Amino acid sequence: MRPQLQRPIHRPLALTLTALLAFACLAAAPRPQPVPNPNPKPEATVVYVVRHAEKAADSGRDPELSPAGAARAERLAAMLADASIAAVFVTPTTRSRDTGSPVAQGADVQLTPYNPFDNDELVRLIRDRHAGDAVLVVAHSNTVAPIVHALGGPKDADLAEDEYTRLYAIILNDTGAARTLRLRF
């Protein structure tokens with residue numbers, strides 16, 4: 001019986017090692033990074049519109065919040081805690097400021113006063129300064145509907161004098177088209 005000749009393993013081993021090295025080099029090569037868009041489109045703008053929380057009875061022309069109203073303002077802040085609120089718009093009334101303050105404190109933003117009867121200016125401020133942001137607007141029973149409508153929402157956002165639970169979320173895309181969600185809190 002003749003001994004079998006063994007093939008040298010150098011050549012297959014060399015080919016395998018070369019292939020592994022080539023794959024390792026490809027994996028380690030830097031990948032091209034995307035070029036940033038110099039004019040990125042903003043994400044949707046979300047405008048939350050609420051009526052101020054319950055006001056204290058018999059406390060004059062500029063009433064504070066009742067204990068139930070203060071609790072509702074805290075619930076609103078808890079609801080919007082993860083919404084990345086960039087601005088809180090309030091009217092010059094105590095009840096509006098007291099409703100928006102817990103949200104503003106949680107978001108680490110200042111209250112921004114607005115004229116509740118100049119919806120065009122409010123919408124301009126939101127679109128110009130807060131495109132792509134989430135903002136809160138604290139309004140009144142007779143101003144919620146006009147504000148929602150000015151933002152592109154429905155006309156039927158009227159609130160009863162004793163209704164404090166309604167929260168509107170108006171979602172504006174970059175073309176200004178609006179989608180409205182009606183929520184309760």
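All values derive from a computational prediction rather than experimental measurement. These numbers come from the heavy atoms of this one structure, side chains and all, not from hydrogens, waters or symmetry mates.
- When the shell of 6.0 Å around CG of Asp82 is examined, it contains 12 or fewer heavy atoms from other residues, nucleotides or ligands.
- Taking the side chain as every heavy atom from C-beta outward, Glu74 and Met79 never approach each other to under 4.5 Å.
- Residues Tyr168 and Val50 are members of separate hydrophobic clusters, defined by side-chain heavy-atom contacts under 4.5 angstrom among Ile, Leu, Val, Met, Phe, Trp and Tyr.
- For the 3.5 Å distance criterion, the side chains of Asp62 and Thr93 fail to qualify, holding no donor opposite an acceptor.
- Taking both residues in full, the closest heavy atoms of Pro92 and Pro116 are given as CD-CD, 4.3 Å, listed atom of the first, atom of the second, then distance.
- With respect to Arg182 and Asp156, a salt bridge is recorded, a charged nitrogen being found less than 4.0 Å from a carboxylate O.
- Residues Val123 and Val47 have side chains not in contact (no heavy-atom distance under 4.5 Å, counting atoms from C-beta outward).
- For the residue pair His130/Thr45, the side-chain donor-acceptor check at 3.5 Å is not satisfied.
- Rounding to the nearest 0.5 Å gives a distance of 8.0 Å between CZ of Arg166 and CG of Leu183.
- The shortest side-chain heavy-atom distance between Asn142 and Phe117 falls under the 4.5 Å cut-off.
- The distance from the CZ atom of Arg51 to the CG atom of Leu167 is 14.5 Å, given to the nearest 0.5 Å.
- Both Leu159 and Leu151 sit in one connected hydrophobic cluster of ILVMFWY residues. Membership requires side-chain heavy atoms under 4.5 Å apart, directly or through other members.
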Stepwise side chain to side chain contact (heavy atoms under 4.5 Å, CB included) check, Arg184 with Tyr164: CA-CA 9 Å; Arg184 292 192 183 274; Tyr164 297 94; over 6 Å; no
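- Inter-residue side-chain proximity for Pro154 and Thr180 is flagged as met; some heavy-atom pair is nearer than 4.5 Å.
- Crowding of Arg179 atom CZ: a count of heavy atoms from other residues, nucleotides or ligands under 6.0 Å not exceeding 12.
- Within a 6.0 Å radius of CG in Asp128, more than 12 heavy atoms belonging to other residues, nucleotides or ligands are found.
- Atoms CG and CG, from Leu122 and Asp120 in turn, are 9.5 Å apart once rounded to the nearest 0.5 Å.
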Give the C-alpha distance, both sets of side-chain angles, the deciding distance and a yes or no for side chain to side chain contact (heavy atoms under 4.5 Å, CB included) between Leu136 and Leu80. CA-CA 9 Å; Leu136 171 66; Leu80 298 178; 4.2 Å; yes
Thr112 and Val88: CA distance, side-chain angles, deciding distance, side chain to side chain contact (heavy atoms under 4.5 Å, CB included) verdict: CA-CA 6 Å; Thr112 303; Val88 177; over 6 Å; no
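- With salt bridges taken as basic N to acidic carboxylate O contacts below 4.0 Å, none links Glu54 and Arg75.
- For the atom pair Tyr48 OH and Leu181 CG, the distance stands at 8.5 Å (nearest 0.5 Å).
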Check step by step if salt bridge (charged side-chain N to carboxylate O under 4.0 Å, His left out) holds for Glu121 and Arg127. CA-CA 10 Å; Glu121 176 65 13; Arg127 290 184 191 267; over 6 Å; no
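- From Asn119, atom CG reaches atom OG1 of Thr143 across 7.5 Å, with rounding to the nearest 0.5 Å.
- Grouping the Ile, Leu, Val, Met, Phe, Trp and Tyr side chains by contacts below 4.5 angstrom, directly or via other members, places Tyr114 apart from Leu111.
- A donor-acceptor distance shorter than 3.5 angstrom exists from the side chain of Thr99 to the backbone of Arg95, with no hydrogens or angles considered.
- Scanning both residues, Ala53 and Ala73, for their nearest heavy atoms gives CB-N, 4.4 Å.
- Under a 3.5 Å cut-off, the side chain of Asp133 and the backbone N or O of Val135 do not form any donor-acceptor pair.
- A cation-pi contact, defined as under 6.0 Å to the ring centre and within 45° of the axis, links Arg72 to Phe185.
- Neither Val103 nor Phe89 shares a network with the other; the hydrophobic side chains, linked directly or stepwise wherever heavy atoms of I, L, V, M, F, W or Y lie under 4.5 Å apart, form separate groups for each.
- A salt bridge does not link Arg97 to Glu64: none of the charged nitrogens lies less than 4.0 Å from a carboxylate oxygen.
- Atom OG in Ser141 sits 9.5 Å away from atom CD in Glu163 (nearest 0.5 Å).
- Hydrophobic clustering of Ile, Leu, Val, Met, Phe, Trp and Tyr side chains at less than 4.5 Å, counting indirect connections, keeps Val90 apart from Leu65.
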